[in-house]
Student: 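Quick one: the structure is below, and I'll ask about it shortly.
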Amino acid sequence: MHRKDNNNIFIFQEMYEKTAPVVEKILALELGEGCSFPLAEIQRIRNIVSLTGLRHGRTFTTKSNRNLHAVTVTRTS
């Protein structure tokens, strides 16, 4: 018998709500287009980009810009 754990459901829902807008922005990119996110989120953004690329058969590059405090994601294929 499985016990329903409401804490885990809340955590997954919160993660989805934070991730979904990023994934939508990345999937909307046309070839050669890019979008930027705060540099403080670089590790999270790179993880999302990597998984999104694998799931949808696309490739992306990420580039950090310390002067602008941003990480830019560009669709390459």
Side-chain angles (χ1 to χ4, degrees):
M1 185 186 306
H2 296 288
R3 193 178 100 212
K4 189 173 181 180
D5 189 348
N6 288 331
N7 288 334
N8 282 342
I9 292 170
F10 177 75
I11 290 169
F12 288 126
Q13 182 178 359
E14 185 178 309
M15 286 173 42
Y16 174 78
E17 288 172 358
K18 287 182 179 180
T19 304
V22 175
V23 172
E24 289 172 10
K25 270 187 165 182
I26 292 168
L27 288 177
L29 293 175
E30 296 293 328
L31 199 58
E33 279 188 322
C35 61
S36 295
F37 300 94
L39 188 59
E41 307 258 337
I42 190 166
Q43 188 167 357
R44 186 173 79 90
I45 297 301
R46 284 186 171 162
N47 286 334
I48 293 169
V49 168
S50 177
L51 291 173
T52 302
L54 286 171
R55 287 181 184 146
H56 297 277
R58 299 177 186 178
T59 56
F60 302 90
T61 60
T62 58
K63 185 174 180 179
S64 57
N65 186 326
R66 292 181 183 175
N67 294 331
L68 297 176
H69 300 284
V71 58
T72 302
V73 178
T74 306
R75 181 174 171 195
T76 55
S77 74

Student: Please check if atom CD in Glu33 has more than 12 non-hydrogen atoms from other residues, nucleotides or ligands closer than 6.0 Å.
Tutor: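 Yes, CD of Glu33 has more than 12 neighbouring heavy atoms, counting only those of other groups under 6.0 Å.
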Student: Closest heavy-atom contact between Leu39 and Ser64?
Tutor: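 Reported closest heavy-atom pair: CD1-CB, 3.6 Å.
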Student: Using the rule that two of Ile, Leu, Val, Met, Phe, Trp, Tyr join whenever any of their side-chain heavy atoms come within less than 4.5 Å, decide whether Leu27 and Leu51 are in one cluster.
Tutor: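 Result: no, two separate clusters.
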Student: Would you name the heavy atoms of Pro38 and Val71 that are closest together and state the gap between them?
Tutor: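 The pair with the smallest heavy-atom distance is O-CG1, 3.9 Å.
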Student: Can you tell me how far the NZ atom of Lys25 sits from the OG1 atom of Thr52, to the nearest 0.5 Å?
Tutor: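 Result: 13.5 Å between the selected atoms.
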Student: Any link between Phe60 and Ile42 through a network of hydrophobic side chains (Ile, Leu, Val, Met, Phe, Trp, Tyr) touching at under 4.5 Å?
Tutor: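 Phe60 and Ile42: one cluster.
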Student: Please check: side-chain N/O of Thr74 versus main-chain N/O of Thr61, any donor-acceptor pairing under 3.5 Å?
Tutor: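 Side chain of Thr74 to backbone of Thr61: no pair is present.
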Student: Between Val23 and Ile48, is any pair of side-chain heavy atoms under 4.5 Å apart?
Tutor: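 They are in side-chain contact.
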Student: Considering all heavy atoms of both residues, which atom of Asn65 and which atom of Leu68 are nearest to each other, and what is their separation?
Tutor: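 So the minimum-distance heavy-atom pair works out to OD1-N, 3.0 Å.
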Student: Might you point out which heavy atoms bring Arg75 and Leu29 nearest each other, and give the distance in Å?
Tutor: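 So the two residues come closest at NH1-O, 3.1 Å.
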